[in-house]
Q: 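Mind having a look at this structure? Questions to follow.
Reminder, nothing fancy here: chain letters follow the sequence lines and each chain counts from 1.
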Protein chains: 4
Amino acid sequence: MPSDDVTGRPGDGTRRRDAAATRRALLLAARTRFTQLGYDRTTLRDVAADAGVNLALIKRYFGSKEGLFKAALASTPRFLGSDGEFPRDRVALAEALSRQLAAGAWAEFGEHPVLMLLRDSGDEQVAQLRRQALAEFGRQVLEASGGSSAPDARLRAELLVALGVGVAVVRSAVGLRPLADATPEDLVGPLRDVVEGLLGPPPD
Amino acid sequence: MPSDDVTGRPGDGTRRRDAAATRRALLLAARTRFTQLGYDRTTLRDVAADAGVNLALIKRYFGSKEGLFKAALASTPRFLGSDGEFPRDRVALAEALSRQLAAGAWAEFGEHPVLMLLRDSGDEQVAQLRRQALAEFGRQVLEASGGSSAPDARLRAELLVALGVGVAVVRSAVGLRPLADATPEDLVGPLRDVVEGLLGPPPD
Amino acid sequence: MPSDDVTGRPGDGTRRRDAAATRRALLLAARTRFTQLGYDRTTLRDVAADAGVNLALIKRYFGSKEGLFKAALASTPRFLGSDGEFPRDRVALAEALSRQLAAGAWAEFGEHPVLMLLRDSGDEQVAQLRRQALAEFGRQVLEASGGSSAPDARLRAELLVALGVGVAVVRSAVGLRPLADATPEDLVGPLRDVVEGLLGPPPD
Amino acid sequence: MPSDDVTGRPGDGTRRRDAAATRRALLLAARTRFTQLGYDRTTLRDVAADAGVNLALIKRYFGSKEGLFKAALASTPRFLGSDGEFPRDRVALAEALSRQLAAGAWAEFGEHPVLMLLRDSGDEQVAQLRRQALAEFGRQVLEASGGSSAPDARLRAELLVALGVGVAVVRSAVGLRPLADATPEDLVGPLRDVVEGLLGPPPD
DNA sequence: AATGAATGAGCTTTCATTCAT
DNA sequence: GATGAATGAAAGCTCATTCAT
């Protein structure tokens with residue numbers, strides 16, 4: 001029982017013999033399962049079933065479960081911008097964080113995409129990817145914080161990253177309430193205070 | 001002369017019929033493996049081998065892998081106090097957080113014990129346990145914050161919980177640097193700022 | 001369909017919870033299948049079915065298919081003596097060869113055991129074993145030939161080994177007739193001539 | 001300008017619609033793989049890749065893996081002559097055998113072509129082919145031996161065939177040394193002695 | 001004629017679990 | 001209470017084969 005098809009792909013007969021579409025369907029299904037269940041609990045049979053394609057095509061397109069996982073990881077939108085539109089000041093940062101963390105942004109995943117980033121396949125290469133992605137996020141926070149005046153500026157930036165990760169985990173994976181139900185509006189105030197506390201008050 | 005074996009690990013061969021010690025040894029081994037590897041990657045054979053006892057005893061004492069996991073979860077020291085000695089004011093809270101998050105506190109686990117709390121066996125009962133433990137932590141933070149004056153006081157308390165979780169994850173599971181290497185001294189300053197930002201300045 | 005149970009083991013209920021017997025049964029079944037079908041065509045499912053035991057026990061006792069193969073190879077009686085009773089002169093050698101090659105000696109296998117020695121699992125370690133076994137056989141032939149007077153004495157000994165291998169292959173695997181049907185009596189005359197031709201006439 | 005491609009390996013990309021060349025390329029690749037790896041370890045994908053043609057063409061031209069195997073078998077040059085130039089007396093036979101067995105004759109295969117003849121696909125039809133080919137060889141040896149005077153003349157001829165098979169196996173598949181390294185010159189003397197021993201001295 | 005997408009069946013391996021002793 | 005043999009189910013992977021274009 002491939003438990004519930006959560007992808008919402010066409011029933012059948014529609015996409016056929018379309019390599020690109022097949023790849024896409026597999027990636028979407030994989031991302032969803034990996035994000036929700038983690039690496040081990042995700043079976044290739046279920047991913048294939050969700051995508052509505054044959055199991056062997058996973059091998060064809062991604063080589064192995066690891067390959068599929070890496071591809072799914074790479075295709076997962078990064079936490080906040082990283083498409084160049086990272087907020088340029090602290091106030092905007094708090095607002096962006098609030099929006100992103102209150103999910104809804106990528107409701108398609110069922111879970112916050114940063115959870116995908118935290119999934120572990122046991123591959124060291126994946127661990128490195130994880131580190132790089134979060135380090136990059138920290139670097140951007142540092143920039144948005146204005147001058148890295150304080151000697152522990154980088155540490156403070158990474159604490160904000162950690163907060164983001166923690167909120168995503170506690171909301172999606174744990175379901176801690178009221179945090180899990182908070183809207184962007186609920187979050188923006190407290191987050192602004194944290195940002196200010198960590199990065200210093202806005203330059204005025 | 002059956003000498004006391006407080007570690008729960010038998011010398012060898014001459015394991016005595018000491019049910020309590022066997023249980024303890026199994027729990028320790030299980031907690032370690034579960035924390036470091038997660039539920040799926042932990043095999044009962046390895047746990048039994050680590051504990052130096054027969055595999056079938058896991059069934060006898062804990063019924064199943066799920067049972068062992070729940071017992072291990074219950075036996076894991078909670079994040080911060082929870083033995084009644086939760087810090088009573090914001091300054092003490094920041095300090096305690098710094099100490100706990102900088103690990104070393106429970107080096108025996110190899111990883112921060114809160115990670116055990118985040119491990120998922122797929123059982124809903126476990127998810128509930130997880131929620132309860134973190135909710136309880138949030139409640140205690142709320143208390144330490146003085147009066148729950150603000151309407152979003154509980155949300156703010158849970159954001160602090162989320163930060164704790166996030167830091168543990170980012171330090172242990174991700175290894176993000178410099179955060180992963182930070183000492184209690186490094187952390188206390190920034191954390192004090194976050195606590196103040198979230199809970200308001202100390203009443204002075 | 002585990003095609004025909006050729007092992008002749010008790011139907012069921014007899015041997016139970018007897019590790020040694022289980023190992024033995026698996027080895028016998030494996031030897032038979034490997035010898036008759038080769039490495040690739042032999043499935044562990046069929047071996048287990050033939051032995052009347054559970055598939056997973058192969059892992060328990062031999063680690064893997066390769067492990068089972070190596071164990072089966074090691075447990076296969078060597079071509080001619082090698083238990084110390086190698087014929088000490090040329091006449092006896094021809095007679096022994098005739099007897100061994102006319103099979104019936106190890107009818108239990110269904111095929112001549114030297115075929116097992118020729119089976120290839122792709123493992124280099126196995127290839128080495130193969131070489132060693134045949135080299136040892138060549139060495140013994142050399143000894144039985146009296147003094148290694150001629151400079152190509154070793155080559156001639158190995159040609160006799162090759163003849164043995166060839167006869168086994170052509171009889172068992174190919175079924176070339178009349179060679180496949182020849183009795184020891186049929187073979188001894190011609191083989192004596194070959195032995196003399198290769199190793200020189202008996203010292204008389 | 002479609003240049004002639006006698007190797008059957010296309011330059012690249014511009015494979016012409018030359019059915020005959022495609023067939024030839026496939027057969028060559030198949031023969032090589034089958035000879036070196038055996039039936040099971042040879043994958044059609046690899047054969048197609050070696051031949052530089054599309055996988056599906058194997059089906060078109062040969063119907064199935066079995067079909068390809070049979071065609072490859074049929075296209076394999078027979079052991080010794082069989083093109084009509086079989087040696088007509090014993091001395092020439094020993095010399096021809098030496099040359100053929102010392103390989104180099106069909107170095108293109110990487111292995112002695114008689115190994116292809118021994119490869120097993122599990123098909124009874126193939127077994128029959130195998131038998132026929134070797135029986136034919138035996139018949140020719142019998143002829144070359146002069147009159148079939150002795151009652152066991154046919155058996156003796158087949159023993160010589162078996163020797164040929166054994167030498168090929170022991171040289172190529174086993175790598176037994178010094179036999180594996182012997183040159184035609186090394187072999188001719190001993191083989192002459194075997195031929196004489198088996199078929200009687202040349203009529204002089 | 002030729003291509004590449006898609007499929008189904010089967011294999012080894014791995015575990016949690018259960019059963020006798 | 002404790003041991004180790006035995007089992008069943010499922011997973012990842014591989015490959016010959018078939019189907020559209």
Q: Looking at E:dC19, which nucleotide sits across from it as a Watson-Crick or G-U wobble partner, both distances under 3.5 angstrom, or is there none?
A: F:dG4
Q: Are any non-hydrogen side-chain atoms of D:Arg130 and D:Asp120 less than 4.5 angstrom apart?
A: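 SC-SC contact between D:Arg130 and D:Asp120 confirmed.
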Q: Does a side-chain N or O from A:Tyr61 land closer than 4.0 Å to OP1 or OP2 of E:dA6, or not?
A: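 Indeed, a polar side-chain atom of A:Tyr61 lies that close.
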Q: Under 4.0 Å between any heavy atoms, over every strand shown, what does D:Ala56 touch: base, sugar-phosphate, or nothing? Just pick one.
A: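 Base contact.
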Q: Side chain to side chain donor-acceptor pair (under 3.5 Å) between C:Arg119 and C:Thr35: does it pass, once the steps are laid out?
A: CA-CA 7 Å; C:Arg119 293 311 187 183; C:Thr35 301; over 6 Å; no
Q: Does F:dA6 have its OP1 or OP2 closer than 4.0 Å to a side-chain nitrogen or oxygen of C:Arg60?
A: no
Q: State whether C:Thr22 places a side-chain N or O below 4.0 Å from either non-bridging phosphate oxygen (OP1 or OP2) of F:dA6.
A: yes
Q: Is D:Lys59 near enough to F:dT17 that one of its side-chain N or O atoms lies under 4.0 angstrom from OP1 or OP2?
A: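 Answer is no, no contact under 4.0 Å.
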Q: Over all strands shown, is D:Leu55 touching base, sugar-phosphate only, or nothing at heavy-atom distances under 4.0 angstrom?
A: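 Base, at least one base atom sits under 4.0 Å.
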Q: Please determine whether the number of non-hydrogen atoms from other residues, nucleotides or ligands lying under 6.0 Å from atom CD of D:Gln125 exceeds 12.
A: no
Q: If you check every side-chain atom of D:Asn54, which of E:dA6, F:dG12, E:dG4 has the closest atom?
A: E:dG4
Q: Looking at every non-hydrogen atom in both residues, tell me the closest pair between D:Glu66 and D:Ser121 and how far apart they are.
A: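 So the minimum-distance heavy-atom pair works out to OE2-OG, 2.6 Å.
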Q: Taking the nucleotide of DNA chain F with the closest heavy atom to each, which residue, C:Leu57 or A:Gly63, is nearer the 5' end?
A: C:Leu57
Q: Indicate, yes or no, whether a donor-acceptor pair under 3.5 Å links the base of F:dC15 to the side chain of D:Arg45.
A: no
